[in-house]
Participant: 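Please find one structure pasted underneath; my questions will follow.
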2 protein chains.
Amino acid sequence: MVKIKDVPMFSNLDKKFHKELYDNIYIRHFTKNSIVFYEGDSSDYLHILLDGQVRLYKTSPKDTMIQLHRLNAPSIIGEYACLEQVPFPATCEFISERGTVGLLHFKKVMNYLKDPTFSLALLKSMTNKVMMLSSLVHKETILSSEAKVADLILNETETFNKIKNNEIASILNITPETLSRILSKLKKEKIIVIINNIVQIHNLEALHIIIEKNTLKSCGYCISKVKR
Amino acid sequence: MVKIKDVPMFSNLDKKFHKELYDNIYIRHFTKNSIVFYEGDSSDYLHILLDGQVRLYKTSPKDTMIQLHRLNAPSIIGEYACLEQVPFPATCEFISERGTVGLLHFKKVMNYLKDPTFSLALLKSMTNKVMMLSSLVHKETILSSEAKVADLILNETETFNKIKNNEIASILNITPETLSRILSKLKKEKIIVIINNIVQIHNLEALHIIIEKNTLKSCGYCISKVKR
DNA sequence: TGGTACATCTTTGATTTTAACCATACATCA
DNA sequence: TGATGTATGGTTAAAATCAAAGATGTACCA
């Protein structure tokens, strides 16, 4: 487990705060699939992920899950909800077997803000959050399902190989059926080959084109184009 | 036009910086529909909106515009692209008749970061940006077109009354046709009445239900339900 | 060790839904 | 009298939903 003083945000904090931090942070332990907080909850505490992996998601009126991010320790969760004292915009759930969260009262946080290294670290964390949200917005507003899949294969091959299709679909916010169909197409077009759950990219350019044009049809290589 | 020293981020900055700021900020003037920067552009400058109103949008592969935000002076634009030295994730265009932007080299910004009031103000601005993005994500991933319209009528009646349907549609990222049809339905169901381009809400609860359930059909009041 | 039983994943087909797209008519305004 | 904005009808497209069949994996037990 990550020590509090090793969380980037606190590591550079003036030494005099370290003892105080230890005394003021509540530690909570979680098991897989337990909920840290629900969308809409309010909290007076800054949540610091010290161990494990969580996912943040919204629930649609149809009760489907819209996954926003996955975060690994160490990181800060829901910082803006804490700073602005507004409800959490998403539910936070552990997906690792076990995990740990440190809770720090927001008044303490406000105090530490006077320390320049702390506010800079928090700024850094916020910047990072903006980047994640910005890329999420791009994914959800610009990319088609086909483009999402192509993007994941191209830019997060690791993830793609490691987890099962079910999970991939949920990360991309598409249904498993849709994912299955898209993968079939990509295989049929010889753009990728999957052996033992490991992708091999056989046509890099095609993947780039799919991402750019948002559709498999637009890539000149494809059989489906010929058929038309 | 807003004076630089009146921009929240700079107003509390140590006085010794003010003179330097004046000497180091480039001022650029713009007219309506002119572009401050394009999605994908890189820049070494922090952009400070001093006068006018801009919209930030992405362009889809089909060449349609996905509007992310509208910002009024004074505000900071593209702060994270500047801080992280990454390309702008969206295009910035003036929608007011004229406008002004101040440009501050990011190295200067990095310098000012040592000033706690500055980094706090920047943090505040980032927090705000996260809130905007978070609500955008909600709008685009959770709400249906009907819910988007209901939400705007309910929570931004001002905006709804002030601008024409065309513009509303583009803010909601739906087509004018879709908006027109949804408004017709709402009127037919007697949920709203529009006189002289001013909405009157005649059934508040119905609007809430539409937002929550994402569909007009689900609201018990509706004629369309009876027909089924 | 193998074998049955159950659960979870994945694939495939058919259908439905939402909202875009296209075309055209009507309205408002300057 | 254009021009721009709004309304309406018909069509299409993308992806969800529903249904059901194959596949793979895992646990338990004799």
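First the proteins, then the strands, lettered A, B, ... as listed; each starts at 1.
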Participant: Name all pairs fulfilling the ring pair (Phe, Tyr, Trp, His ring centres under 6.0 Å) condition that reach into residues 146-167 of chain A, sequence neighbours left out, sorted by first residue then second.
Facilitator: none

Participant: Provide the full list of ring pair (Phe, Tyr, Trp, His ring centres under 6.0 Å) pairs with a residue in residues 48-95 of chain B, sequence neighbours left out, each pair given once.
Facilitator: B:Phe30-B:Phe94, B:Phe37-B:Phe88, B:His47-B:Phe88

Participant: Please list residues of residues 58-66 of chain A whose heavy atoms come under 4.0 Å from any atom in DNA chain D, ordered by number; otherwise none.
Facilitator: A:Lys62

Participant: Tabulate atom names and distances for all N/O pairs under 3.5 angstrom spanning the protein and nucleotides 10-12 of chain D.
Facilitator:
unit_1	atom_1	unit_2	atom_2	d
D:dG10	O6	B:Arg181	NH2	3.4

Participant: Atom pairs under 3.5 Å, N or O on each side, protein against nucleotides 23-30 of chain C: can you list them with distances?
Facilitator:
none

Participant: Base, sugar-phosphate or nothing for A:Asn173? Non-hydrogen atoms, less than 4.0 Å.
Facilitator: sugar-phosphate

Participant: When you measure from every atom of DNA chain D, which of residues 135-165 of chain A have a heavy atom less than 4.0 Å away?
Facilitator: A:Ser144, A:Ser145

Participant: Using atom CG of A:Leu179 as one end and atom C1' of C:dT10 as the other, report the distance to the nearest whole Å.
Facilitator: 10 Å

Participant: Quantify the bending of the helix from C:dT1-D:dA30 to C:dA30-D:dT1 as the angle between its end axes, each fitted on five pairs, to 10°.
Facilitator: 30°

Participant: How would you list all residue pairs meeting salt bridge (Lys or Arg N to Asp or Glu O under 4.0 Å) that involve residues 63-78 of chain B, not counting sequence neighbours?
Facilitator: B:Arg70-B:Glu167

Participant: Who pairs with A:Asn214 by side chain to side chain contact (heavy atoms under 4.5 Å, CB included), at least two apart in sequence or on another chain?
Facilitator: A:Leu143, A:Ser144, A:Ala147, B:Pro61

Participant: List in chain and number order the residues that pass side chain to side chain contact (heavy atoms under 4.5 Å, CB included) with B:Gln85, two or more places apart in sequence or in another chain; answer none if no residue qualifies.
Facilitator: B:Asp44, B:Phe106

Participant: Sequence neighbours left out, what passes side chain to side chain contact (heavy atoms under 4.5 Å, CB included) with A:Pro87? Give chain and number order.
Facilitator: A:Ser42

Participant: Which residues pass the side chain to side chain contact (heavy atoms under 4.5 Å, CB included) test with B:Ala121, not counting sequence neighbours?
Facilitator: B:Met9

